[in-house]
Amino acid sequence: MADITQTDVSRPSALPTARLRPSAAQAQSSVDQNSDEFLDFVEEEWNKKVDVEVETLVDGMVDIVNLASIRDKDKFSIAQESFQAQCRAESMVRAAHSLLSITHSMKLLLLLSDESQIAQQRDSALKEARSDAEDAKNKVAELLNELLGSAKEGTTQVPSSAEDIGS
């Protein structure tokens, strides 16, 4: 029979495996997403992180205010409330640091982002706003003409254009 001798030499053993590269299924799912879907997903993740941290700050502040009630307290309850307030304050500080790191990351993303894409988005939004304004002007002019046309039938001397109305 083979006896295993006891030594202080470390024996290699199976370590948990880490996946440094995405699996084929994960890679395929990321390829299937288009750019807009991916950016929407990333934006939602950032929003969730911010919402969680802001909620932590609000809940911590509410708890601290509730702990600060004025009443007859013994030493034990004072010590307990003090400990609770310290714990809430520490969680609020962690949440504030997390929000600070999120804003830092977002600033870096903005600085390192593609400026031409941002300019194109701004220009397209401006063009859309101008076309909407022009459409609104045309609709108002059309309604004004209809109004003036119906008023012209009722009276004989009605200004024929918007410039005549202003004078």
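Bear in mind the structure is a predicted one, so any value in this text is a computation, not a measurement. What you see below is based on every heavy atom in this structure, not just the backbone, and it leaves out hydrogens, waters and symmetry mates.
The line from CG of Leu110 to OG1 of Thr103 is 12.5 Å long, rounded to the nearest 0.5 Å. Considering CG of Leu143 and CG of Leu147, their distance stands at 8.5 Å, rounded to 0.5 Å. Here the straight-line distance linking atom CE of Met61 with atom CG of Asp63 works out to 11.0 Å at 0.5 Å rounding.
Closest non-hydrogen pair, Ala96 versus Leu57, comes out as N-CD2, 4.3 Å.
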### Task
Determine, step by step, whether Lys73 and Arg71 satisfy the side-chain contact (heavy atoms from CB on, under 4.5 Å) criterion, reporting the C-alpha distance in whole Å, the side-chain angles of both residues, the deciding distance to 0.1 Å, and the verdict.
CA-CA 6 Å; Lys73 301 177 186 178; Arg71 60 175 183 209; 3.9 Å; yes

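Among residues at least two apart or in separate chains, side-chain hydrogen bond (donor to acceptor under 3.5 Å, both in side chains) pairs with a member in residues 48-58 are Glu53-Ser98. The side-chain hydrogen bond (donor to acceptor under 3.5 Å, both in side chains) pairs that include a residue from residues 120-142 number zero, where partners must be two or more places apart or lie in different chains.
Two different hydrophobic clusters hold Leu148 and Val140 under the rule that ILVMFWY side chains link at heavy-atom gaps under 4.5 Å. Hydrophobic clustering of Ile, Leu, Val, Met, Phe, Trp and Tyr side chains at less than 4.5 Å, counting indirect connections, keeps Ile64 apart from Phe83. Residues Leu99 and Val93 fall into different hydrophobic clusters, defined by Ile, Leu, Val, Met, Phe, Trp and Tyr side chains chained together at heavy-atom separations under 4.5 Å. The same ILVMFWY cluster, assembled from side-chain heavy atoms under 4.5 Å apart, contains both Met92 and Ile102. Trp46 is connected to Leu39 through a chain of hydrophobic side-chain contacts under 4.5 Å among Ile, Leu, Val, Met, Phe, Trp and Tyr, so both are in one cluster.
Screening Val65, Asp59, Asn66 for a side chain to side chain contact (heavy atoms under 4.5 Å, CB included) involving Val62 leaves a single residue, Asn66.
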